[in-house]
Amino acid sequence: MVQVPAGTFRMGSESFYPEEAPVREASVDGFWIDRHPVTVAEFRRFVKETGYVTSAERAPTAEDYPDADPELLVPGSLVFHKTAGPVPLNDVRNWWEWTPGADWRHPDGPESGIGGRERHPVTQVTHADATAYAEWAGKSLPTEAEWEYAARGGLDGAIFTWGDEFAPKGRMMANTWQGEFPWQNLLLDRYEGTSPVETYPPNGYGLYDMAGNVWEWTDDWFGPSNGDGPACCAPRDPRVAPEDRFPRRVMKGGSHLCAPSYCLRYRPAARQGEAIDTSTGHIGFRCVSR
Ligand SMILES: [Ca+2]
């Protein structure tokens, strides 16, 4: 882990999406934070030791999802699919598919696996799964302020975790999406899906993957009072009606699916609310110690 000193900083942004505003002063006590997102190998150790079964591996009950098609009450999770060509961007169901058998061991669906992905961030984990891991590790999930302060790496008010320029001297600094989402991925950063942690340069605090790769759960609630931009990054479990049945937590950092043409959220101020019952292939987490 990396020690982050106590401090005061400008949190949020008024230059991008409504849910990030206003810019306000925030203070955090000193804390320690994981150098990189929790990896598949680390999560596997936790599961081996505890026998933990993640949310996506359990069949939900009809009590939890009273309006769901009974055929959907099986283990599964949300998987991203690149489309063959341009699609309307106002409906996330054009690229997110609820997939039986998708879970952290099968992040792209039942036929996929984690072989060769041991150093990638674990995905397909809900907020409860992340919390269970943190408790096992004797740690906690970060608050949004802790996460954003750590992500800024000492660059108060900068657009990105490394400065104000997306690709300084042409160098790719994070795993994002280059090209037209969700059908054309130009792979300038070499990765279409998740990438091994520490592939791109660290920020000023020595932290890796604080932008792009996977969104990361925090412990803060995402309230309606925060406002809400287009929910491109936070697909909902299709079994849920009404939509607000499960509360949302703040996730930070953006992911490999964030394209500037659609979702410029690989920035420390960026935030989305994701329902606590939902897991996807582009959300992971890291832990803190206080
Ligand atoms: Ca990429």
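In each ligand, atom 1 is the first atom listed, and ligand 1 is the first ligand listed.
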Undergrad: State which residue, out of Trp96, Phe80, Trp177, Tyr266, fulfils the ring pair (Phe, Tyr, Trp, His ring centres under 6.0 Å) condition with His282.
TA: Trp96

Undergrad: Does any N, O or S atom of Thr176, backbone or side chain, fall under 3.0 Å from the Ca ion (ligand 1)?
TA: yes

Undergrad: Classify the angle between the aromatic ring planes of Phe31 and Tyr149 as parallel (below 30°), tilted (30 to 60°) or perpendicular (above 60°).
TA: tilted

Undergrad: Does the shortest distance from the Ca ion (ligand 1) to an N/O/S atom of Asn175 fall below 3.0 Å?
TA: yes

Undergrad: Have a look at Glu20 and tell me which of Arg271, Arg267, Arg265 forms a side-chain hydrogen bond (donor to acceptor under 3.5 Å, both in side chains) with it.
TA: Arg267

Undergrad: Using the Ca ion (ligand 1) as the vertex, how large is the angle between O of Tyr191 and OD2 of Asp189, rounded to 10 degrees?
TA: 130°

Undergrad: I'd like a table of donor-acceptor pairs (distance under 3.5 Å, sequence neighbours excluded) in which one partner is a side-chain atom from residues 157-167, with atom names and distances.
TA:
unit_1	atom_1	unit_2	atom_2	d
Trp162	NE1	Glu165	O	2.7
Trp162	NE1	Phe166	O	3.4
Asp164	OD1	Ile159	N	2.8

